[in-house]
Protein chains: 2
Amino acid sequence: MSTTPAFRRLPRAVRERQMLDAAVRVFSRRGFHAASMDEIADEAGISKPMVYAYLGSKEELFTACLHREGTRLLEAIVGAVVPDLPFEERLWRGLRAFFRFVGAHRDGWAVLYRQGRGERPFAGELAAMRHRIIEVVAGMLDRGLAADGREVRPAELEIMAYALVGASESVADWLADHPDADPDVLAGRMMDFAWTGAGNLLAGRRWSPPPAPTD
Amino acid sequence: MSTTPAFRRLPRAVRERQMLDAAVRVFSRRGFHAASMDEIADEAGISKPMVYAYLGSKEELFTACLHREGTRLLEAIVGAVVPDLPFEERLWRGLRAFFRFVGAHRDGWAVLYRQGRGERPFAGELAAMRHRIIEVVAGMLDRGLAADGREVRPAELEIMAYALVGASESVADWLADHPDADPDVLAGRMMDFAWTGAGNLLAGRRWSPPPAPTD
DNA sequence: GAGCTTACCTACTCGTGCGTAAGGTTACGC
DNA sequence: GCGTAACCTTACGCACGAGTAGGTAAGCTC
């Protein structure tokens, strides 16, 4: 019989990609600690020393996953949010890109959102990344207001941005567990919430506590 | 010198409380896997076999933490939400109780929100708990609408509840990192967002995509 | 087809941390 | 004041998994 080796020898770049894909899958279902390098190697169809040779230690591997998925997510969003469009349009495009990404990269999303947040060495960096996104959203809100001649204290803007991002994450997480849902529809639902809500809110309508006994 | 033993012998119930308190603290800063039973025992000022004797395995201990903190949180909220009050008032009281709880039990919150979600054996139970809360919120929204003579499809209600809960969690998480912030003020901010937003939204104002090129 | 490089593997070491066996100490009943 | 039961300890067994040493073979160059 001719040369049909069970396992072809592949160039490094291809293997690295396969390993990262496998690592994201395994990390997404096990978490950082519970995932073993053996299982990742197995999932990638390769042996453990190869993973160490190419991607380094377990922490470095997880960092690489976080970095790749985080970059992809960020690029998907900033690529969709064209700068000179009006606020509403940018928000809509950003949300749609976000939900589309989560729908298409559920594993990556799970690693970023469910697994990365608790693990000690990575939580900080991840929180910083999230905070950067929130600042961007807050900036969008601020510019949306400035264009309207209004003004809101930065602290309140930040809280609002936290609420908006948190709401989106929560709905995205729902999407990750409902493969049949349409990301664009969800983005529309979020606009229902964020735009109608934030829009009216920023237009000056503030909620005030009822006069009833406050304790 | 009289009898001043370095370590008094305490009744079981007291020790169990101390151990759970210590476990919540350690789990909150390390996560489930990275936390060691030795460190928990040390934090509780007791030796490891005592932890096993009273609380069982590490998984059982973590489950106990999750259960206690989750029950406390739930009780704080349902205790604040008096059934017969109007929708707005219940929402306000529920949010305020939630933020007050997080402000007063940062460690417990961290275990529930940051650590529990990713860890395999517990994620499911925790997700179920969260889902129960979301159902309650969805029910509140529904009753709020019904009282207003309106009607919304259950699926949309659920999405909205996810957004609301996610927004609250995100702001609560911000609170956990900002000890000086006032929980009641944050609850007010959330009402700004949720009430003004959801209120207008549920009153029939829906956002619709702009006519611009949709890709 | 000799010789080098790169891809790849089997089979180990060794640290860490869960869980436990076996024994010491304190308080309390009588 | 002594037995005994509950409390508490030190010191270990053992499994699991990160990381590695050392060896094999495929493909390339000439």
Side-chain angles (χ1 to χ4, degrees), chain A residues 1-23 25-27 29-66 115 118-122, chain B residues 1-23 25-27 29-66 115 118-122:
Chain A
M1 335 186 197
S2 65
T3 56
T4 320
F7 287 84
R8 296 240 353 252
R9 292 162 77 85
L10 296 175
R12 175 167 183 152
V14 177
R15 279 284 188 238
E16 278 188 2
R17 236 189 73 96
Q18 290 178 348
M19 287 177 191
L20 274 179
D21 291 343
R25 281 196 299 275
V26 174
F27 281 134
R29 62 171 180 261
R30 301 255 188 249
F32 173 70
H33 278 281
S36 81
M37 293 298 268
D38 287 283
E39 183 176 359
I40 291 169
D42 199 57
E43 176 97 13
I46 212 73
S47 75
K48 194 168 51 160
M50 290 306 299
V51 183
Y52 280 92
Y54 285 173
L55 277 321
S57 71
K58 189 182 185 184
E59 287 203 358
E60 286 174 289
L61 176 58
F62 193 69
T63 302
C65 291
L66 248 36
Q115 310 301 350
E119 303 298 342
R120 196 76 336 231
F122 318 104
Chain B
M1 23 201 152
S2 65
T3 56
T4 320
F7 289 85
R8 296 244 351 253
R9 294 163 79 85
L10 297 174
R12 174 166 186 151
V14 177
R15 278 282 189 241
E16 278 188 1
R17 236 189 73 97
Q18 291 178 347
M19 288 178 193
L20 274 180
D21 291 343
R25 280 196 300 274
V26 174
F27 281 135
R29 61 171 180 259
R30 301 254 189 249
F32 173 70
H33 278 281
S36 80
M37 294 297 269
D38 288 283
E39 183 176 358
I40 291 169
D42 198 56
E43 176 98 14
I46 213 74
S47 73
K48 196 168 52 162
M50 289 308 299
V51 182
Y52 281 92
Y54 285 173
L55 278 321
S57 70
K58 190 182 184 184
E59 287 204 0
E60 286 174 288
L61 176 57
F62 194 69
T63 302
C65 291
L66 248 36
Q115 310 300 351
E119 303 298 342
R120 194 81 326 236
F122 318 105

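The sequence lines fix the lettering, A, B, ..., with proteins before strands; numbering per chain opens at 1.
- Atom-to-atom, CZ of A:R30 to P of D:dC16 comes out at 14 Å; the value is rounded to the nearest Å.
- Taking atom OH on B:Y52 and atom C1' on D:dT10, their separation rounds to 16 Å, with Å as the unit.
- On a pure distance criterion of 3.5 Å, no polar donor-acceptor pair joins the side chain of B:K58 and the base of C:dG17.
- D:dA18 atom P lies 13 Å from atom CZ of A:F62, rounded to whole Å.
- Nucleic acid contact class of A:A35 (heavy atoms, under 4.0 Å, all strands): sugar-phosphate only.
- Comparing D:dT9, D:dA18, C:dG19 against the side chain of B:S57 picks out C:dG19 as the nearest.
- Closest to the B:S36 side chain, of the nucleotides C:dC18, C:dA11, C:dG19, is C:dC18.
- With rounding to whole Å, A:E59 atom CD is found 17 Å from D:dG17 atom P.
- The A:M37 side chain lies nearest to D:dA18 when the options are C:dA7, C:dT20, D:dA18.
- The nearest whole Å value for the distance from the CD1 atom in A:I46 to the P atom in D:dA26 is 14 Å.
- Between the side chains of A:E39 and A:S36, not a single donor N or O lies within less than 3.5 Å of an accepting N or O.
- The side chain of B:P49 lies closest to D:dT9 when the candidates are D:dT9, D:dA18, D:dG19.
- Here the P atom of nucleotide C:dT10 and the CG atom of A:D38 are 12 Å apart, to the nearest Å.
- Atom-to-atom, CD of A:E16 to P of C:dT6 comes out at 14 Å; the value is rounded to the nearest Å.
- Applying the salt bridge (charged side-chain N to carboxylate O under 4.0 Å, His left out) test between A:E43 and each of A:R30, A:R25, A:K48 identifies A:R25 as the sole match.
- At whole-Å resolution of the value, CG in A:D42 and C1' in D:dA18 are 16 Å apart.
- Closest approach to the B:K48 side chain among D:dT20, C:dA7, C:dG19 is made by C:dG19 (side chain taken as heavy atoms from C-beta onward).
- Between A:Q18 and A:V14 there is a side-chain heavy-atom pair separated by less than 4.5 Å.
- Applying the 4.0 Å criterion to OP1 and OP2 of D:dC8, one finds that B:R15 has a side-chain N or O inside that range.
- Across all strands shown, B:S47 has heavy atoms under 4.0 Å from base atoms, whether or not it also approaches the sugar-phosphate.
- A 4.5 Å side-chain heavy-atom check between B:E119 and B:F32 finds at least one atom pair inside the cut-off.
- Counting non-hydrogen atoms under 4.0 angstrom, A:M50 reaches a base of the nucleic acid.
- Between A:E60 and A:L55 the shortest side-chain heavy-atom distance does not fall below 4.5 Å.
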